[in-house]
Amino acid sequence: MSNEPVLQAKNLSKRFEMEDKRILTAVDDVSLNLYKGKTLGIVGESGCGKSTFARMLVQLDQPSDGEILYRGKNIQNLKGKDLWENRRHIQMVFQDPLASFNPRMKVREIICEPLLNYKLIKKSEKNAVAARYLKMVELPEDFMERYPHALSGGQRQRVNIARALALEPEIIICDEATCALDVSCQDTIVQLLVRLQEQKNLAMGFICHDVALVSSLAHDVAVMYLGNVVEKLPGEDLVNKVRHPYTKALIDAIFDLKMDFSKKIEAIEGETPSPLNAPQGCPFQDRCPECMAICKEQKPLLQTIDEGHLVACHLEVN
Ligand code: SF4
């Protein structure tokens, strides 16, 4: 990509100290960029660190190491008013809007609250503003009078998207934003996100455990395993050009993305190790059918093997 990244994560790590003093490494030295008008899909099984990474991007969690740059400026040490101002630019769409909505607020207040907080609208403008954003997410204007519990899951997620976009952010991070919805509803929400991204030229991070869904909208995909990015490649190459044994296993574990039913569907064997007991060497070694002696000794580095395609696997050099 030729344009400059709008958001850069540089060597981000996040460690948590447990009660027994052991260290849990949730994110380990991850570097990824987000670009205007592009979607970066981040995929991996539950516990791979993708949500912790997302929380650092929106400054809900502080990294243990590394830097986050917005338009080239380091933002992770911002405090007070500067932090508050910067939050406008990077908004998050969570998995469960009900948990983040005040149940006593009507949809109008939910959408307008961030704008009022930032003093971008007057109270007298709430109706017009709520109507505009409801239209944007394809909901009827009279929904502004409803409470969250009177909405379906898909309608709540639309309100959630309207609220996230009300501040006109440049970057939107969707953390499993569609995984609680049924498949047809998931599809319409993804189509809405894609349309809004194109209209507003947003940079979008789409974090999801569903490889097929990520491949349907991401321009680039980063695959995470045990806190590490093990492969990154253009979304269009996800079906045919993956090289890392974990990515291959992820794809074999679902129906073939092109619905080629002649292809064997394989499950990934074994369990992901606990991040408290991450092995020395390659994080995927215990489940990898191609594990070699070197994999147990040296952690493979993420290296470029083709344009826009990076892999962390010793097979790529041996
Ligand atoms: Fe498998 Fe070794 Fe590659 Fe890790 S480095 S994915 S263990 S072959």
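This structure is a prediction, so every number in the text was calculated from the model and none was measured. Indexing begins at 1, ligand by ligand and atom by atom, following the structure's order.
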Which ligand 1 atoms does Cys295 reach within 4.0 Å, using its non-hydrogen atoms? 2 (Fe), 5 (S), 7 (S), 8 (S)
What atoms of ligand 1 come closer than 4.0 angstrom to any heavy atom of Pro245? 6 (S)
Under 2.8 Å: N/O/S of His244 next to atom 1 (Fe) of ligand 1: no
May I ask you to list the atoms of ligand 1 that are less than 4.0 angstrom from any heavy atom of Cys288? 1 (Fe), 6 (S), 7 (S), 8 (S)
Does a donor on one side chain sit under 3.5 Å from an acceptor on the other, for Asp187 and Gln191? yes
Shortest protein contact, atom 5 (S) of ligand 1 (heavy atom only): His314 N, 3.2 Å
Should you measure from each heavy atom of Gln285, which atoms of ligand 1 turn up under 4.0 Å away? 7 (S)
Ring-plane angle category for Phe284 and Tyr225, please: parallel below 30°, perpendicular beyond 60°, tilted otherwise. perpendicular
May I ask you to test the Lys50-His209 pair for a side-chain heavy-atom distance under 4.5 Å? yes
For atom 3 (Fe) of ligand 1, which protein heavy atom lies nearest, and how many Å away is it? Cys313 SG, 2.3 Å
Without hydrogens or angle criteria, can the side chains of Asn228 and Lys299 be said to hold a donor-acceptor pair below 3.5 Å? yes
Whether Cys282 has an N, O or S atom under 2.8 Å from atom 4 (Fe) of ligand 1: yes
Does a side-chain heavy-atom distance below 4.5 Å link Ile111 with Phe143? no
Which of the ligand 1 atoms, numbered from 1, are nearer than 4.0 Å to a heavy atom of Leu315: 8 (S)
So, Asn86 and Gln59: side-chain donor and acceptor under 3.5 Å apart, yes or no? yes
Is it true that a side-chain atom of Gln197 and a backbone atom of Lys38 form a donor plus acceptor pair closer than 3.5 Å? yes
